[in-house]
S.K.: 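Structure provided below as structure tokens; questions to follow.
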Amino acid sequence: MIEQKRADPKRITPQSEDFDRWYVDTVLRAELADYTPVRGCMVIRPYGFALWENIQRALDDMFKRTGHENMYFPLLIPESYLAKEAQHVEGFAPEVAWVTRGGGKELEEPLAIRPTSETIICSLYTDWIHSWRDLPVKINQWVNVCRWEKRTRLFMRTTEFLWQEGHTFHETYDEAADEVETMLGTYRELHEDWLAMPVIPGRKTDSEKFAGADYTVSIEAMMKDGWALQAGTSHHLGQNFTRAYGIQFTDRGNELQHPYQTSWGLSTRVIGGLIMSHGDDAGLIMPPKVAPVQVVVVPIVRSNDAEGSALVEEAVARIEREVAGSVRLRVDRREGIRPGEKYAHWELRGVPLRIVVGAKDLAEERVTVVRRMDGLDQMLPLDGLAARLPQLLAETQAAMFARARNELEERSVHVTSLAELVAAFAERPVFASGPFCNRPECEVRIKEAVHALTVRNLRADRTADGAPCIACGDPADHVALTARAY
RNA sequence: CGGGGCGUAGCGCAGCGGUAGCGCACCUGCUUUGGGAGCAGGGGGUCCCCGGUUCGAUCCCGGGCGCCCCGACCA
């Protein structure tokens with residue numbers, strides 16, 4: 001294996017050989033991100049950041065449509081603020097980074113670098129919420145947060161990461177519950193419609209919920225190695241924080257009440273999920289809707305054919321002109337680099353469509369269009385090509401989602417007992433679902449049945465209808481999704 | 001935080017008690033261009049750090065630091 005690597009340093013590790021190394025090779029070689037001198041902290045390079053910006057824009061537009069506003073809270077949080085909600089502190093304590101010095105001297109009170117912002121937000125909103133007329137409050141912020149992780153991985157788990165965190169306050173428990181569902185739906189829309197990633201929504205078990213939440217819901221996506229990735233979470237915080245922080249409002253009946261609160265977040269981890277959902281041994285495969293470059297044009301020029309080369313350049317210029325910003329198009333005019341290397345370069349970066357413009361095809365007024373996801377190639381007339389690109393991209397987007405959904409379905413099983421659960425994982429990691437009573441001791445038995453197995457969520461799209469729990473046999477209400485998870 | 005491994009050019013590595021090399025990448029020129037081109041030339045190193053042994057240490061010894069991999073915790 002090492003010999004092979006030496007023989008061909010350009011090669012990225014095949015997925016079948018070592019999926020984790022494939023992932024790291026791809027992230028680095030596609031120039032999405034790189035390591036930095038600070039342990040656990042990565043740099044997001046322009047190509048990776050362009051992808052993040054596209055995701056950000058899509059999500060932000062959805063937030064705005066549902067009446068959310070962006071604002072910004074400080075990075076540093078006083079220790080005393082963080083400490084008010086007991087469960088929350090306990091949950092986050094091990095991963096909080098502290099600032100203890102500033103201005104050349106010890107601080108009187110240590111400042112936490114935010115691991116999330118519930119505490120500072122509640123502290124400030126105490127002054128801003130007084131009446132039912134002040135509700136609901138629906139805000140969001142796009143920020144960095146810091147969690148001291150022991151084992152880090154590019155995009156998947158880094159000490160500092162970028163995310164959005166939404167925070168809302170409501171008059172009633174049910175209104176907050178609706179918000180929790182709405183935002184999980186937003187995340188689902190992002191994944192399925194933009195990232196071409198099918199997801200499974202459901203409720204987290206108590207052991208997996210957010211520290212300080214009444215309950216947490218998640219969407220879970222399947223990576224190409226069969227492992228699950230929690231792709232977005234939305235929490236009902238009840239009155240846990242608003243009581244702890246003394247947020248009160250006078251309700252419509254002139255009674256003093258604590259508002260009900262939600263929070264929900266999605267991080268740059270989603271990029272890791274995108275990579276591992278679609279990529280292949282040639283590198284990334286970007287869904288067109290978020291691809292930084294949607295179409296790349298490779299001109300084939302010959303130094304001994306000035307006439308043909310001029311025709312090629314003319315055709316390329318025509319494509320550029322007619323596209324006129326309707327798709328994100330890049331022409332690879334680099335000199336001294338042969339076409340094959342250009343193909344490999346853009347395939348590694350996952351560009352959905354490649355247009356090859358050469359004199360041979362142009363003789364028939366045509367160009368070659370190749371689809372990254374499956375190598376499908378076709379000859380299309382130059383005439384009207386630009387107008388067809390949006391449609392080709394839309395077809396690609398749909399085909400990517402369909403393929404991912406098929407893979408998810410093929411790799412999902414229903415089980416009715418622990419024995420079946422164990423058998424399901426005998427060959428390879430899968431998504432196994434089965435009736436579950438939701439008792440902590442049964443969750444433990446399930447986790448212990450298969451190495452590294454976890455209950456991902458209680459599926460929102462299935463009910464057990466009293467079928468026997470796979471662990472204890474008692475009538476169960478839920479269907480648990482179990483999988484190995486990142 | 002336990003177990004293992006590694007620190008030599010940007011990356012991957014070799015090497016040796018006598019002051020350092022290979023592949024890839026990079027730069028220049030020429031020839032090339034329908035699947036990761038060829039030839040020629042070139043630049044680039046506190047050999048992780050600090051001590052010790054030695055006439056002499058990148059190499060041997062001691063200590064430190066850092067990183068990676070595997071396990072317990074996590075969006």
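Being a predicted model, the structure only gives us computed values, none of them experimental.
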S.K.: Measuring only the C1' atom in each nucleotide, how far is rG45(B) from rG34(B)? A whole number of Å is fine.
M.R.: 42 Å
S.K.: For R354(A) and rG36(B), what is the distance between atoms CZ and P respectively, to the nearest whole Å?
M.R.: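 My rounded result for the distance is 12 Å.
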S.K.: Would you verify whether the NZ or CZ of R147(A) falls within 45 degrees of the ring axis of F92(A) while also being under 6.0 Å from that six-membered ring's centre?
M.R.: no
S.K.: Provide, to the nearest angstrom, the distance between the CZ atom belonging to R21(A) and the C1' atom belonging to rG12(B).
M.R.: 11 Å
S.K.: Using a heavy-atom cut-off of under 4.0 Å over every strand shown, decide if T268(A) touches base, sugar-phosphate, or nothing.
M.R.: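 If one applies the 4.0 Å heavy-atom cut-off, T268(A) turns out to touch nothing in the nucleic acid.
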S.K.: Please give, in whole Å, the distance from rA37(B) P to I300(A) CD1?
M.R.: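 About 13 Å, once rounded to whole Å.
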S.K.: Looking at every non-hydrogen atom in both residues, tell me the closest pair between T262(A) and A176(A) and how far apart they are.
M.R.: CG2-O, 3.3 Å
S.K.: Can you tell me the pairing partner of rC13(B) across any strand shown, Watson-Crick or G-U wobble, with both distances under 3.5 angstrom?
M.R.: rG21(B)
S.K.: Whole angstroms only, please: what is the CZ-P distance between R153(A) and rC70(B)?
M.R.: 9 Å
S.K.: Just how far, in rounded Å, is P of rA72(B) from NZ of K447(A)?
M.R.: 11 Å
S.K.: Suppose we define a pair by two distances each less than 3.5 Å, Watson-Crick or G-U wobble; what does rG71(B) pair with here?
M.R.: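 Pairing partner, where one exists within any strand: rC1(B).
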S.K.: Do R157(A) side-chain and rC74(B) base share a donor-acceptor contact under 3.5 Å?
M.R.: yes
S.K.: Is it true that H236(A) and Y215(A) have ring centroids separated by less than 6.0 Å?
M.R.: yes
S.K.: Atom CZ of R29(A) to atom P of rG10(B): distance rounded to whole Å?
M.R.: 19 Å
S.K.: Of the candidate nucleotides rG34(B), rA72(B), rG36(B), which contains the atom at the shortest distance from the side chain of H451(A)?
M.R.: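 Nucleotide nearest to H451(A)'s side chain: rA72(B).
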S.K.: Just to be sure I understand the rule, does T158(A) reach a base, reach only the sugar-phosphate, or reach nothing, if contact means heavy atoms closer than 4.0 Å?
M.R.: base
S.K.: Just to be sure I understand the rule, does N304(A) reach a base, reach only the sugar-phosphate, or reach nothing, if contact means heavy atoms closer than 4.0 Å?
M.R.: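 Result for N304(A) = nothing.
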S.K.: Grab the CD1-C1' distance between I337(A) and rA25(B) for me, whole Å please.
M.R.: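 Between C1' of rA25(B) and CD1 of I337(A): 13 Å.
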S.K.: Assuming nearest nucleotide by heavy-atom distance, tell me which of A344(A) and P299(A) is located more 5' along RNA chain B.
M.R.: P299(A)
S.K.: Using a heavy-atom cut-off of under 4.0 Å over every strand shown, decide if G336(A) touches base, sugar-phosphate, or nothing.
M.R.: base
S.K.: Tell which nucleotide pairs with rA40(B), taking only Watson-Crick or G-U wobble pairs whose two distances are both under 3.5 angstrom.
M.R.: rU28(B)
S.K.: With RNA chain B as reference, determine whether F161(A) or A452(A) sits nearer its 5' end, using the nearest nucleotide of each.
M.R.: A452(A)
S.K.: Write down the distance separating the C1' atoms in rA25(B) and rC6(B), rounded off to the nearest Å.
M.R.: 23 Å
S.K.: Inspect the contact between K64(A) and D60(A) and indicate whether a charged nitrogen and a carboxylate oxygen are less than 4.0 angstrom apart.
M.R.: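 Salt bridge present between D60(A) and K64(A).
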S.K.: For D225(A), is there an ion pair with R411(A) - N to carboxylate O distance below 4.0 angstrom?
M.R.: no
S.K.: Using the C1' atom as the point on both nucleotides, what is the distance between rG66(B) and rC73(B), in whole Å?
M.R.: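 Going atom to atom, C1' in each nucleotide, I get 23 Å.
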S.K.: Determine the contact category for A231(A): base if any of its heavy atoms lies under 4.0 Å from a base atom, sugar-phosphate if only primed atoms, P, OP1 or OP2 are that close, otherwise nothing.
M.R.: nothing
S.K.: Between rC74(B) and rC65(B), how far apart are the two C1' atoms, rounded to whole Å?
M.R.: 27 Å
S.K.: Taking the P atom in each of rG18(B) and rC60(B), what is the distance between them to the nearest angstrom?
M.R.: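 The answer is 12 Å between these two P atoms.
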S.K.: Can you tell me how far C1' in rU53(B) sits from the matching atom in rC59(B), rounded to whole Å?
M.R.: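 The same atom, C1', in both gives a distance of 13 Å.
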S.K.: rC73(B) P sits how many Å from E95(A) CD, rounded?
M.R.: 13 Å
S.K.: For rU33(B), give its Watson-Crick or G-U wobble partner with both distances under 3.5 Å, or none.
M.R.: none
S.K.: Determine the Euclidean distance between corresponding C1' atoms of rU8(B) and rG71(B); express it in Å to zero decimal places.
M.R.: 31 Å
S.K.: Using side-chain contact (heavy atoms from CB on, under 4.5 Å) as the criterion, point out the one residue from R318(A), R366(A), E322(A) that pairs with D383(A).
M.R.: R318(A)
S.K.: Determine whether a donor-acceptor pair (one donor, one acceptor, N or O, separation below 3.5 Å) exists between the side chain of R338(A) and the base of rG38(B).
M.R.: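 Between rG38(B) and R338(A), which were checked side chain against base, a qualifying N/O pair under 3.5 Å is absent.
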S.K.: Using purine N1 to pyrimidine N3 plus N6-O4 or O6-N4 for Watson-Crick, or N1-O2 and O6-N3 for G-U wobble, both under 3.5 Å, which nucleotide pairs with rC60(B)?
M.R.: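 rC60(B) is paired with rG52(B).
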S.K.: rG36(B) base to E347(A) side chain: any donor-acceptor pair below 3.5 Å?
M.R.: no
S.K.: More than 12 foreign heavy atoms under 6.0 Å from CZ of R403(A): is that the case here?
M.R.: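 More than 12 within 6.0 Å, yes.
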S.K.: Taking the minimum atom-to-atom distance to the side chain of S303(A), which one of rU32(B), rA72(B), rG34(B) wins?
M.R.: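 Given the options rU32(B), rA72(B), rG34(B), the side chain of S303(A) is closest to rU32(B).
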S.K.: Could you check whether any side-chain N or O of T158(A) sits under 3.5 Å from a backbone N or O of L154(A), counting only pairs where one atom can act as donor and the other as acceptor?
M.R.: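 No; judged by distance alone, with no hydrogens or angles, the pair does not exist.
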S.K.: Could you check rU19(B) for me: syn (within 90° of 0) or anti?
M.R.: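 Syn.
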S.K.: Using both distances under 3.5 Å as the test, list the Watson-Crick or G-U wobble partner of rC6(B), or none.
M.R.: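 rG66(B) is the nucleotide pairing with rC6(B).
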S.K.: Assign G265(A) to base, sugar-phosphate, or nothing according to its heavy-atom contacts below 4.0 angstrom with the strands shown.
M.R.: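 Since no nucleic acid heavy atom lies under 4.0 Å of G265(A), the category is nothing.
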S.K.: Sticking with atom P, work out how far rA9(B) lies from rG23(B), rounded to a whole angstrom.
M.R.: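 16 Å, rounded to whole Å.
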